[in-house]
Amino acid sequence: IPESGHKYYLQFSTEDYRTGEDAGNCLATVLYPKKKSPPVVSIKCSHTKDQKEIQEEDNRLYQRLRHQSKPITGNNIPDSYGNIEPALEPVWALAVAGSSSIMWEKSTETLGYFLAQVKSVRQWMREDDFTEFDYTVLLHEIPTQEIISCHMRLKWLPGHPLKVKHFCAAESHGVDEGSGAESGSAAGPSAEKGANS
């Protein structure tokens, strides 16, 4: 699109990141603006899981996180063999959802990102009903093969948007300030909802 950028039309299928089960099909348009800013995404998906199932999954995840006698902490998730301790699966699930907003914001037409590892995570015990975590996540940059380290503060309560604040530092790209907040479901990244400020 002259003066605006490149627009792509995509059709793709999705799967549950934990089970690998079919999660539905999506149609999307993605506009990469000429100026340095996040892509503009419009997406419509048909889900194989209904909203009630997703809410139940979110609630099960939330209950596991809230019923801790002491704050959850962890390092190197998954470990060097690709294993995730069952007790750390909920914090990994939130890391997948939260880091997707960082990847969306940092991606360009020529650079993409994958969550490689949660280097460290620490839960903050709160007086209210929200769960809150500090993460250091490592993102694998494609095609450069660089590993980008990002600090991520994540706050979540079922029925509310996932709030993510982040700060990333990369040697070759200088320092990149993070975002305000991004919406999503803890059951997985939700690109259908827009960012909150």
List the atom of [X], the atom of [Y], and the distance in Å for their closest heavy-atom pair.
| X | Y | result |
| --- | --- | --- |
| Phe133 | Val121 | CD2-CG2, 3.9 Å |
| Tyr62 | Leu157 | OH-CD1, 3.5 Å |
| Pro33 | Leu31 | CD-O, 3.2 Å |
| Leu154 | Leu94 | CD1-O, 3.4 Å |
| His166 | Glu105 | CE1-OE2, 3.6 Å |
| Glu89 | Arg64 | OE1-NH1, 4.4 Å |

Check for me, please, whether [X] and [Y] land in the same ILVMFWY cluster - side-chain distances under 4.5 Å, paths through other members count.
| X | Y | answer |
| --- | --- | --- |
| Val30 | Ile43 | yes |
| Leu139 | Ile147 | no |
| Val164 | Phe130 | yes |
| Leu65 | Ile84 | yes |

Thr136 side chain to Ser120 backbone, donor-acceptor under 3.5 Å: no

Treating Glu15 as the side-chain partner and Asp22 as the backbone partner, does any N or O pair qualify as donor plus acceptor under 3.5 Å? no

Test side chain to side chain contact (heavy atoms under 4.5 Å, CB included) on Lys155 and Arg126 and set out the steps. CA-CA 10 Å; Lys155 190 166 79 170; Arg126 296 175 57 100; 3.5 Å; yes

Drop me the distance from [X]'s [atom1] to [Y]'s [atom2], to the nearest 0.5 angstrom.
| X | Y | atom1 | atom2 | value |
| --- | --- | --- | --- | --- |
| Arg122 | Ile72 | CZ | CD1 | 13.0 Å |
| Asn83 | Ile77 | CG | CD1 | 12.0 Å |
| Trp104 | Ser99 | CH2 | OG | 14.5 Å |
| Leu27 | Ser42 | CG | OG | 10.0 Å |
| His151 | Ile102 | NE2 | CD1 | 10.0 Å |
| His140 | Met103 | NE2 | CE | 12.5 Å |

With Tyr113, the side chain to side chain contact (heavy atoms under 4.5 Å, CB included) member among Cys168, Cys150, Ser107: Ser107

Would you check if Trp92 and Leu115 make a side-chain contact, meaning some heavy-atom pair closer than 4.5 Å? yes

Please tell me whether Lys119 and Asn75 have a donor and an acceptor in their side chains that are separated by less than 3.5 angstrom. no

ring-ring contact (aromatic ring centres under 6.0 Å, His included) against Phe114, all qualifying residues, sequence neighbours excluded: none

Is it true that, when you exclude [X] itself, more than 12 heavy atoms of the residues, nucleotides or ligands shown sit nearer than 6.0 Å to its [atom1]?
| X | atom1 | answer |
| --- | --- | --- |
| Phe12 | CZ | yes |
| Gln145 | CD | yes |
| Glu85 | CD | no |

Mind telling me whether Tyr8 and His6 have parallel, tilted or perpendicular rings, with 30° and 60° as the class edges? perpendicular

Start with the C-alpha distance between Leu111 and Lys106, add both sets of side-chain angles, then the distance that settles side chain to side chain contact (heavy atoms under 4.5 Å, CB included), and finish with yes or no. CA-CA 8 Å; Leu111 287 178; Lys106 288 179 70 60; over 6 Å; no

Please determine if Arg153 and Glu132 form a salt bridge, counting it only when a charged side-chain N lies under 4.0 Å from a carboxylate O. yes

